[in-house]
Amino acid sequence: MPTLAIVGAGPQMGLAIARIFGSQGFDVALISRNREKLDDLVGKLGAEGITAAAFPANVLDRAGLTHALAEAAARFGRIDVLEYSPVGTFGITTLTAPATTEPSDVEYEMNVQLYGAIAATKAVLPAMREAGAGTLLYTTGAGSIWPDPRVANVNAAAAALRNWVMNLHKELADAGTGIQAAHIGIDTAIGVSVIPGIEPAQPEQITPLYWDLHTTKRDEAELVFKLDENGFPRG
């Protein structure tokens, strides 16, 4: 069976992405820091008939992340799809406006978003090149595209990741590797309302973008999820 590896697996988007790929016959490797939370996700997926396994790792520990992905590949054969979406902001990063941002304000987010993504990609890309197939998907908030000065330091790192992904897509496509690399920008709250009166999107509304980028939209470097004024996905 093909295998999906999710770096930053959690109970909302991570679980929903695992379900949509798992329902199509994928095994799922779940990677994040907390073993107990990963085991809970494995149990939920297993109850739905989806084979999943936990590989705890912190994206700030690049050697540990590389090892976890190697373990996942050994467990399932190889990794066919990588989805990268760890969230390191809440409770750790101080959100800053542009004029007050210090280099240290951006450093943590760069380590989580960009440098972790590069490390994860380097761990799986050689096998994808050898197979002549594979999919690399990277998620950020839409501030990577339309910056919000209230969260300038987070946006800076997200924009750096988006830029790198767009370049990776072009490099792999131009070389005819058969490997898809794409960015997903999410322009909404997920699961919980942040602004009173504005309904958040549910993960299940967003995950079709991931499946589309893996299957029917492999020539696309980016898809963006937005809700219209009635709470329906746009586009």
Side-chain angles (χ1 to χ4, degrees), residues 1-9 13-32 45 49-55 57 59 62-86 113-140 144 160-186 206-225:
M1 287 187 176
T3 301
L4 163 71
I6 301 174
V7 179
M13 284 302 302
L15 180 59
I17 294 168
R19 281 172 168 154
I20 196 168
F21 279 82
S23 69
Q24 299 296 323
F26 276 71
D27 294 330
V28 182
L30 301 169
I31 300 172
S32 70
L45 292 168
I50 298 170
T51 300
F55 302 90
V59 298
R62 291 170 208 154
L65 175 59
T66 299
H67 180 69
L69 286 163
E71 283 191 318
R75 164 71 171 78
F76 290 117
R78 76 182 187 94
I79 294 169
D80 301 273
V81 179
L82 171 72
E83 194 279 322
Y84 187 88
S85 56
Q113 297 199 55
L114 178 61
Y115 303 149
I118 292 173
T121 302
K122 289 179 70 67
V124 302
L125 185 55
M128 290 183 178
R129 286 187 182 275
E130 184 176 350
T135 300
L136 304 161
L137 302 173
Y138 309 83
T139 306
T140 73
S144 62
L161 173 57
R162 175 180 180 258
N163 182 282
W164 180 78
V165 173
M166 304 292 272
N167 279 323
L168 180 62
H169 173 90
K170 181 172 175 54
E171 177 190 2
L172 296 173
D174 288 352
T177 62
I179 302 167
Q180 156 72 319
H183 169 252
I184 298 93
I186 301 177
I206 305 171
T207 51
L209 274 66
Y210 294 79
W211 185 250
D212 288 348
L213 285 167
H214 173 62
T215 55
T216 61
K217 296 185 178 180
R218 295 184 66 82
D219 58 334
E220 299 282 349
E222 178 176 71
L223 292 178
V224 179
F225 180 88

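- The two residues A52 and F76 have their closest heavy-atom pair at C-CZ, 4.3 Å.
- Nearest approach of L15 to L45, heavy atoms of both residues: CD1-CD2, 3.7 Å.
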Begin with the C-alpha distance, continue with both residues' side-chain angles, and end with the deciding distance and a verdict on side chain to side chain contact (heavy atoms under 4.5 Å, CB included) for R162 and E222.
CA-CA 9 Å; R162 175 180 180 258; E222 178 176 71; 2.5 Å; yes

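- Residues Y138 and L168 form a side-chain contact, since some pair of their non-hydrogen atoms from C-beta on lies under 4.5 Å apart.
- Between T121 and Y84, every side-chain heavy-atom pair lies at or beyond the 4.5 Å cut-off.
- Closest approach of Q180 and K217 over heavy atoms only: NE2-O, 3.4 Å.
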Side chain to side chain contact (heavy atoms under 4.5 Å, CB included) assessment of T51 paired with V28:
CA-CA 6 Å; T51 300; V28 182; over 6 Å; no

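- Between D80 and R78, at least one side-chain nitrogen of the basic residue sits less than 4.0 Å from a carboxylate oxygen of the acidic one, meeting the salt-bridge criterion.
- In this structure, the side chains of I31 and I6 stay at 4.5 Å or more apart for every pair of heavy atoms.
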Would you sort out whether S144 and H183 count as a side chain to side chain contact (heavy atoms under 4.5 Å, CB included), showing the intermediate values?
CA-CA 10 Å; S144 62; H183 169 252; 3.5 Å; yes

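- Scored by the side chain to side chain donor-acceptor pair (under 3.5 Å) test, E83 finds S85, T139 as partners (sequence neighbours excluded).
- Residues G25 and P2 come closest through the heavy atom pair O-CD, 3.8 Å.
- Taking CG of L125 as the start and CG of L82 as the end, the distance is 10.0 Å to the nearest 0.5 Å.
- Although no hydrogens or angles enter the test, the distance criterion places a donor-acceptor pair under 3.5 Å between the side chain of R218 and the main chain of G178.
- For K122, there are no side chain to side chain donor-acceptor pair (under 3.5 Å) partners two or more places apart in sequence or in a different chain.
- Aromatic pair F26/H214: centroids less than 6.0 angstrom apart.
- Note that the CD1 atom of I50 and the CZ atom of F21 stand 12.0 Å from one another [nearest 0.5 Å].
- Rounded to the nearest 0.5 angstrom, N163 CG and L114 CG are separated by 9.0 Å.
- Within the 4.5 Å cutoff, the side chain of V124 has heavy atoms near those of the L136 side chain.
- Between V81 and T3, every side-chain heavy-atom pair lies at or beyond the 4.5 Å cut-off.
- When all heavy atoms of D27 and M1 are compared, the closest pair comes out as OD1-SD, 3.6 Å.
- Note that CD1 of I184 and OG1 of T140 are 9.0 Å apart. Values are rounded to the nearest 0.5 Å.
- For the residue pair L209 and V224, the shortest heavy atom distance occurs at CD2-C, 4.0 Å.
- With contacts defined as side-chain heavy-atom distances shorter than 4.5 Å, the pair R129/L172 qualifies.
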Would you check, one step at a time, whether the test side-chain hydrogen bond (donor to acceptor under 3.5 Å, both in side chains) holds for T135 with Y210?
CA-CA 10 Å; T135 300; Y210 294 79; over 6 Å; no

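- A distance of 9.5 Å separates CD of E71 from CG of L69, quoted to the nearest 0.5 Å.
- Interatomic distance, OG1 of T207 versus CE of M13, reported as 6.0 Å (0.5 Å rounding).
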